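Because only heavy atoms are used, hydrogens play no part in the values below, and waters and symmetry mates are left out as well, while side chains stay in. Chain letters run A, B, ... following the sequence lines, proteins first and then strands; every chain starts at 1. Not measured: the values here are computed from a predicted model.
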Amino acid sequence: MIRMIGLALGLTLLGGCAHVGVRPWQRDILARNVMQPDADGNISAYRDHIYFSKEGATGGRSADGGGCGCN
Amino acid sequence: MQLNPRKLGTIAAGLSALSANLLSANAAQAETVADATANAPHAPGLMTEGAPEPGSFLVDTSVLFYQEAGGRVTAVEPVINVVDNLLNGSVINGAFTYDSLTGATPNGATPATGPQTFTQIIKVATSTTQVTSTGASGGSTVTTIPGTATATSTYSTAAGRTPLAAFHDHRYAGNLGFSWLSDPDTRFKVGAAVSVERDYATYSVNAGVSHDLFQKNTTVALSLNIEQDESQPYNGTPNGFQNLNSLITNGNDHKTVANVVVGLTQSLTRFWLTQLNYNYSTSSGYQSDPYRVLSVVDSATGAALSYLYENRPRDRARHSVYWGNKLTLGPTVADVSLRYYHDTWGINSITAEVSEQVPITHNSYIKPLFRYYHQGAANFFRNYLVSGATLPQYASSDSRLGRFNATTIGARYGIRLMEDSELYVQAEDYRQTGTHYVAGAPGALANLDLFSGVHAISVMTGFKVKM
């Protein structure tokens, strides 16, 4: 039941996406490097590693692995 | 003049950015862009340059300096990361990381009103790699037991201090990835990663697919990662609640992690990109810390009578929902994110982060940031065990499984020294806060600081260049 509700919500959300956004010639700002989700490169990797090794919660942004036996 | 494909790609990207600006429906924003590029008509500003285009090759080299207060962990971590954006839209990326770790980390025991001595049985062949003669814990002494292949290792902690065990380690890590377009709107990716320390190794493979919808305003993505971890402690993996001062007879142990992320990225306006991810992962196998103990304290005085290795469940499932946003606000760019996390060990957590990237000049910026983190305790977290009481099924005193808040305050400065390059430095102050004194703790423990959260300073600096 919960899965069905989740699926219905997901499809509704996706359907709503068809009505928002920009035209192709309006992408100038969205196309900038600073607007990319992965623009921080190595700094993101450092910070993920520090928080992964010092906190109980992890994940959310990506599925990529590469953990450690952190002290 | 010969023009190679990469130069052509750069020119094409420049022309497309120019045409996009000219066609911009928002006159005010077009003025802002025009102002920003007025000082250098041949190149956009550091904050207005386009994302790397097909035909570009990126190299990001950096180093992290990490230092915890109180003589705890010090880390130096150089990284080189390369990304090759091929003309056909495929992307090859690879990174190599080296990590040097030294210092001391809490061994899990409670502080005491007098000095404490920790004695463990270690295998002689590994005795030189476990603990050095220096460290915040006061150093260790290794004594061979005649006629056996074992020795006793002892180290002490001063009265009232959090017991720390000294360590040093090196980590080598690398990853490779490849992604390609199967059609203009669909990208597949595969990758692999390896991380090896003296006493821990992890191997993982990942795969994913993303698909653009509605004139590329929407991207749906699915990523999978499978990881195998090998725990290879110097003296073997102890049984749960095994006495510290006893021989460990188990060898190595392992853990398998499966991770899936379902994501939706949406352009909401010309200035706002939003991302919503759901992440589910399961871990199965050895998940205890093989060096960490709990104090078994006297129920009346609170004095430690013995030390038992911790014991964590072998299964864990994690759920998290992440909501990230990139917002261009005039000449600045804000990054705002929230994450909710829950796992089957009973930890619930909220993370909120905000940063604002502000141009200083055409070729430089500053980016202050703030992060707040809160987690509740795992349902088996214990500061100590009480002598005479029934042992719980699981227990750990690891502060990373306890209840705490953490704040990060930091800033980054970036400057373009030459065309298509950036020199950056980011500094952060990370501080965990929690309950230091536990009301109702037995005897003297009620007046001793039981919180062992960290306070760390990190500096990350690097140089990235696009060719």
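Looking at every heavy atom in both residues, A:E55 comes nearest to B:A406 through OE2-CB, 4.0 Å. Between A:P24 and B:Q215, the shortest heavy-atom distance links the atoms CD-OE1, 4.0 Å. When all heavy atoms of A:M35 and B:L273 are compared, the closest pair comes out as O-CD2, 3.4 Å.
Using a 4.5 Å cut-off between heavy atoms, A:A39 contacts chain B through both its backbone and its side chain. Contacts of B:D99 with chain A are made by side-chain atoms alone, with heavy-atom separations under 4.5 Å and no backbone atom involved. For B:Y280, no part lies under 4.5 angstrom from a heavy atom of chain A. With a threshold of 4.5 angstrom between heavy atoms, B:T61 approaches chain A through N, CA, C or O but not through any side-chain atom. Interface remark: B:W272 contributes backbone atoms only to the contact with chain A (heavy atom separation under 4.5 Å). Neither the backbone nor the side chain of B:Y340 comes within less than 4.5 Å of any heavy atom of chain A. For B:A201, no part lies under 4.5 angstrom from a heavy atom of chain A. For B:S62, the parts lying under 4.5 angstrom from a heavy atom of chain A are both the backbone and the side chain. There is no contact between B:Y278 and chain A, counting heavy-atom distances below 4.5 Å. Both the backbone and the side chain of B:S267 come within contact range of chain A, judged by heavy atoms closer than 4.5 Å. Proximity to chain A (any heavy atom under 4.5 Å) is shown, for B:L268, by both the backbone and the side chain. The contact between B:E353 and chain A is made entirely by side chain atoms (from C-beta outward), counting heavy-atom distances below 4.5 Å. For B:E77, the parts sitting under 4.5 Å from any heavy atom of chain A are the backbone and the side chain alike. Within the 4.5 angstrom heavy-atom criterion, only side-chain atoms of B:Y424, from C-beta onward, approach chain A. Both the backbone and the side chain of A:A57 come within contact range of chain B, with heavy atoms under 4.5 Å apart. Only the side chain of B:Q275 comes within contact range of chain A, judged by heavy atoms closer than 4.5 Å.
Between the side chain of A:K54 and the backbone N or O of B:V454 there is no donor-acceptor pair closer than 3.5 Å. Not one N or O on the side chain of B:N279 forms a donor-acceptor pair closer than 3.5 Å with the backbone of A:G59. Although no hydrogens or angles enter the test, the distance criterion places no donor-acceptor pair under 3.5 Å between the side chain of A:N33 and the main chain of B:A51. Side chain of B:N81 to backbone of A:G41: no donor-acceptor contact under 3.5 angstrom is found. The main-chain N or O of A:G56 is found under 3.5 Å from a side-chain atom of B:Q375 such that the two form a donor-acceptor pair. B:R400 contributes no side-chain N or O that, together with a main-chain N or O of A:F52, makes up a donor-acceptor pair within less than 3.5 Å.
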Report task. Apply the test side-chain contact (heavy atoms from CB on, under 4.5 Å) to residues A:I43 and B:K367: give CA-CA distance (whole Å), side-chain angles for both, the deciding distance (0.1 Å), then the verdict. Result -> CA-CA 13 Å; A:I43 284 184; B:K367 184 179 181 180; over 6 Å; no
Report task. Start with the C-alpha gap between A:L30 and B:R270, add the side-chain angles, then the distance that decides, and say whether side-chain contact (heavy atoms from CB on, under 4.5 Å) holds. Result -> CA-CA 6 Å; A:L30 292 167; B:R270 281 183 65 214; 5.6 Å; no
Requested in this report: Before giving the answer on side-chain contact (heavy atoms from CB on, under 4.5 Å), spell out for A:R47 and B:T408 the whole-Å C-alpha distance, their side-chain angles and the decisive distance to 0.1 Å.
Outcome: CA-CA 11 Å; A:R47 302 183 81 228; B:T408 305; 4.2 Å; yes
Requested in this report: Using the side-chain contact (heavy atoms from CB on, under 4.5 Å) rule, take B:E49 and A:V34 through it: C-alpha gap first, then chi angles, then the decisive distance, then the call.
Outcome: CA-CA 8 Å; B:E49 66 185 8; A:V34 288; over 6 Å; no
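The CZ atom of A:R32 sits 12.0 Å away from atom CG of B:L46, with the distance rounded to the nearest 0.5 Å. To the nearest 0.5 Å, atom CG of residue B:N217 and atom CZ of residue A:R23 are 8.5 Å apart. The distance from atom CZ of A:R61 to atom CG of B:N277, rounded to the nearest 0.5 Å, is 9.5 Å. Here CD1 of A:I50 is found 6.0 Å from OH of B:Y66. Values are rounded to the nearest 0.5 Å. Rounding to the nearest 0.5 Å gives a distance of 7.5 Å between CG of A:N42 and OG1 of B:T97. The distance from the NE2 atom of A:H49 to the CG atom of B:L64 is 8.5 Å, given to the nearest 0.5 Å.
When each of B:T269, B:D335, B:I347, B:L401 is scored by its heavy-atom pairs under 4.5 Å with chain A, the top score falls to B:T269. Taking chain A as the reference chain and counting heavy-atom pairs below 4.5 Å, the highest number among B:H319, B:K464, B:R412, B:Q432 is found for B:R412.
Residues A:Y46 and B:E428 have side chains that never bring a donor and an acceptor to within less than 3.5 angstrom of each other.
A cation-pi arrangement is found for B:R371 relative to A:Y51, the charged atom lying closer than 6.0 Å to the ring centre and inside a 45° cone about the ring normal.
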